[in-house]
Protein chains: 2
Amino acid sequence: MSHFPNHSEENYLKVIFKLQQKKLRKLNNIAIANALDLNPATVLEMVRKLVKKNLLELKEDKSIQLTEKGKKKALLTIRRHRLWEVFLVNKLQYKWNEVHDLAEQLEHIEAKDLTDRLETFLGHPVYDPHGDPIPDKNGKIKAHETIALSSAIKGKHYIVKSFADTSDVFLDYLSQQEIKPGLKIKIVQLHEFDQSLEILSGKKQFQLSQKVALNIFIQPL
Amino acid sequence: MSHFPNHSEENYLKVIFKLQQKKLRKLNNIAIANALDLNPATVLEMVRKLVKKNLLELKEDKSIQLTEKGKKKALLTIRRHRLWEVFLVNKLQYKWNEVHDLAEQLEHIEAKDLTDRLETFLGHPVYDPHGDPIPDKNGKIKAHETIALSSAIKGKHYIVKSFADTSDVFLDYLSQQEIKPGLKIKIVQLHEFDQSLEILSGKKQFQLSQKVALNIFIQPL
DNA sequence: CTTTTTTATTTGGTATGCCAAATATTTAGA
DNA sequence: TCTAAATATTTGGCATACCAAATAAAAAAG
Ligand SMILES: [Mn+2]
Ligand SMILES: [Mn+2]
Ligand SMILES: [Mn+2]
Ligand SMILES: [Mn+2]
């Protein structure tokens, strides 16, 4: 008997929540399999199990959806993940681009009260170190009014809020470029040819590819 | 592929370490099976695997022993367990008798640096909330010079240091009686008939059975 | 030393979560 | 509409970590 039924299940729910957010027309097994790096046959089995547990449902067009119960569970896992990330950065002095994998482990630890105590200890943070909002204890999350940097307007000023891609490679890249939540930027130039942008932050000017710009969320200043 | 090879293995090593400490003549499968609440056949399989991994060895008389490598691994797991317990009590305000099960989960989380950062954050604690010494980052543990309360002498003063039994039932009992590490006591009376003791702490006097006294470690004051 | 009891070991099974390959089935392109 | 490509499903397997029951071996008791 594997001791951790939570673990796998919670990872599926979380990834399905994140894929749903992206409003793909139809969420299928293959998308989930890619996101979790699993075989579609494996995903099919688990989806069936989660449907039986009333955490997922299949719509008329056979796309996969979270039920209310499933959505709540996903959000509570995301809550744990983000609170642990705050802990790791604010208390243990990890860098914001180092904490994701560790939080992937910590998020599955279950104990009465743990998450709420952690939240209190951390001083009820609203955002995690990557700029993402932390769901409250009921699983309510603040919708976050940001736009992609790729749709920014030349000459305007913005503040970096968060990021679409949470992979190590991307976060390491951002860290190298010293791009992080809270950074104030000005759009200097838009290059139509490759959709790259030139950006000014303080005295430092740099160029970002379209691919990068699509994964950075900003707000007008 | 189960994601957590650590988990089970570390639990075996830890329990074997603790059983070894008790210097039973010969550590066998059944003792381990009882301690972990598993079937002896299961234990046998795992012991073989751990022998193959050079974490355990079988002595001439077939008793089970940790190798140096296994002992170190056990001690590092105990280190993580006890540091997390300190965190839960000192930072998250759990009571000292509530944290063991949670620490059982947290102790298996592996990440470069996590334990040492946690230790630094907690201010390099030497004892956990139950009075047990915390091994250092090399797995060195301070031998802790205590005696069992059951061998205390009438009229003398002692300080409660730690406990042999770490079960919830026992810790809950201690908590109800307000017995915890650091408590100063005087032995008022020893009852020869049932080996129970009468004890004075401040103005409060109470009686403890032999079974309880065997599980409380003290030092002379 | 023989019998009984305890301990160790073997054997055949279970559940979870995973995979690859074969075979539907669906969807979309021509 | 027909067909090719994409997707879903089935099937048979694997690894880990468990168990129960049968048998073998060792230890203790008499
Ligand atoms: Mn993260
Ligand atoms: Mn994050
Ligand atoms: Mn403990
Ligand atoms: Mn402890």
Side-chain angles (χ1 to χ4, degrees), chain A residues 1-16 19-20 22 24-53 55-65 70 73-74 77 104-105 107-110, chain B residues 1-16 19-20 22 24-53 55-65 70 73-74 77 104-105 107-110:
Chain A
M1 160 196 6
S2 185
H3 289 25
F4 316 101
N6 289 350
H7 203 122
S8 193
E9 182 173 307
E10 287 173 353
N11 284 336
Y12 276 87
L13 294 176
K14 222 174 43 150
V15 116
I16 292 167
L19 290 171
Q20 265 189 200
K22 290 192 191 163
L24 310 168
R25 3 166 157 195
K26 197 177 161 184
L27 178 52
N28 64 22
N29 293 331
I30 291 182
I32 298 171
N34 289 337
L36 288 170
D37 199 16
L38 295 174
N39 187 295
T42 304
V43 171
L44 178 63
E45 278 178 349
M46 186 57 114
V47 164
R48 282 173 173 161
K49 191 190 302 182
L50 295 177
V51 166
K52 210 172 284 169
K53 293 181 79 170
L55 293 163
L56 294 180
E57 60 193 351
L58 299 174
K59 282 180 65 179
E60 329 74 54
D61 69 339
K62 294 202 168 179
S63 75
I64 295 161
Q65 269 211 329
K73 223 173 173 221
T77 305
E104 284 293 320
Q105 295 180 60
E107 73 189 6
H108 301 295
I109 287 179
E110 279 277 350
Chain B
M1 159 199 8
S2 185
H3 288 25
F4 316 102
N6 288 351
H7 203 123
S8 194
E9 181 174 309
E10 287 173 353
N11 284 336
Y12 276 87
L13 295 176
K14 222 175 42 150
V15 118
I16 292 167
L19 291 172
Q20 265 189 198
K22 290 191 191 163
L24 310 169
R25 342 101 202 246
K26 193 176 159 183
L27 179 53
N28 63 22
N29 292 329
I30 291 183
I32 298 171
N34 289 337
L36 288 169
D37 199 16
L38 294 174
N39 188 295
T42 303
V43 171
L44 178 63
E45 278 179 348
M46 186 58 116
V47 165
R48 282 173 173 164
K49 192 189 303 180
L50 295 177
V51 167
K52 209 172 283 166
K53 292 182 79 170
L55 293 163
L56 294 182
E57 58 194 353
L58 299 175
K59 283 181 61 180
E60 328 75 56
D61 67 339
K62 292 202 168 179
S63 74
I64 295 160
Q65 270 209 327
K73 222 173 173 220
T77 304
E104 284 293 318
Q105 294 180 60
E107 73 188 7
H108 302 294
I109 288 180
E110 279 278 351

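The chains referred to below are lettered A, B, ... by the order of the sequence lines, with proteins before strands, and numbering in each begins at 1. Below, all heavy atoms of this structure are taken into account, side chains as well, without hydrogens, waters or symmetry copies.
Atom pair A:L38:CG and C:dC18:C1' shows a separation of 8 Å (rounding to whole Å applied). In this structure, the CG atom of A:N28 is 12 Å from the C1' atom of C:dT27, given to the nearest Å. Whole-Å rounding puts the B:I30 CD1 to D:dA25 P distance at 17 Å. One can place CD of A:E60 at 13 Å from P of C:dT27, the figure rounded to the nearest angstrom. The nearest whole Å value for the distance from the CG atom in B:N34 to the P atom in C:dA8 is 11 Å. At whole-Å resolution of the value, CE in B:M46 and C1' in D:dC18 are 10 Å apart. With rounding to whole Å, B:L58 atom CG is found 14 Å from C:dT7 atom C1'. Taking atom CG of B:L27 as the reference point, atom C1' of C:dT7 lies 13 Å away to the nearest angstrom.
If you find the closest nucleotide of DNA chain C to A:D61 and to A:D37, the one lying nearer the 5' end belongs to A:D37. Map B:P40 and A:P40 each onto its nearest nucleotide of DNA chain D; the residue landing nearer the 5' end is A:P40.
Within the structure, every side-chain polar atom (N or O) of A:K49 is placed at least 4.0 Å from both OP1 and OP2 of C:dT16. A close approach under 4.0 Å does not occur between any side-chain nitrogen or oxygen of A:T42 and OP1 or OP2 of C:dG17. Dashed line: the shortest gap from a side-chain N or O of A:Y12 to OP1 or OP2 of C:dC18 is under 4.0 Å.
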Distances under 3.5 Å between protein N/O atoms and the N/O atoms of nucleotides 23-25 of chain C, please, pair by pair.
none

Using the 3.5 Å cut-off, write out each protein N or O paired with an N or O of nucleotides 10-12 of chain C and the distance between them.
| unit_1 | atom_1 | unit_2 | atom_2 | d |
| --- | --- | --- | --- | --- |
| C:dT10 | OP2 | B:R48 | NH1 | 2.9 |
| C:dT10 | OP2 | B:R48 | NH2 | 2.6 |

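When distances are taken from the side chain of B:S8 to each of D:dC18, C:dT7, C:dG17, the shortest belongs to D:dC18.
For the atom pair B:K49 NZ and B:Y12 OH, the distance stands at 8.5 Å (nearest 0.5 Å). Residue B:E107 holds its CD atom at 6.0 Å from CG of B:N11, rounded to the nearest 0.5 Å. Of the inter-residue distances, the one linking B:S63 atom OG with B:L19 atom CG reads 12.0 Å to the nearest 0.5 angstrom. Between the CD1 atom of B:I16 and the CG atom of B:L56 there is a distance of 4.5 Å, given to the nearest 0.5 Å. Atoms CG and CD1, on B:N28 and B:I64 in that order, are 6.5 Å from each other to the nearest 0.5 Å.
In this structure, A:E9 does not pair ionically with A:K14, as no charged nitrogen and carboxylate oxygen lie closer than 4.0 Å.
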Take B:E104 and B:H7, measure what side-chain contact (heavy atoms from CB on, under 4.5 Å) needs, and give me the verdict at the end. CA-CA 10 Å; B:E104 284 293 318; B:H7 203 123; over 6 Å; no
Should A:Q65 and A:L58 be marked as a side-chain contact (heavy atoms from CB on, under 4.5 Å) after you check the CA-CA gap, both sets of side-chain angles, and the distance that decides it? CA-CA 6 Å; A:Q65 269 211 329; A:L58 299 174; over 6 Å; no
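With sequence neighbours excluded, the residues satisfying side chain to side chain contact (heavy atoms under 4.5 Å, CB included) with B:A41 are B:N39.
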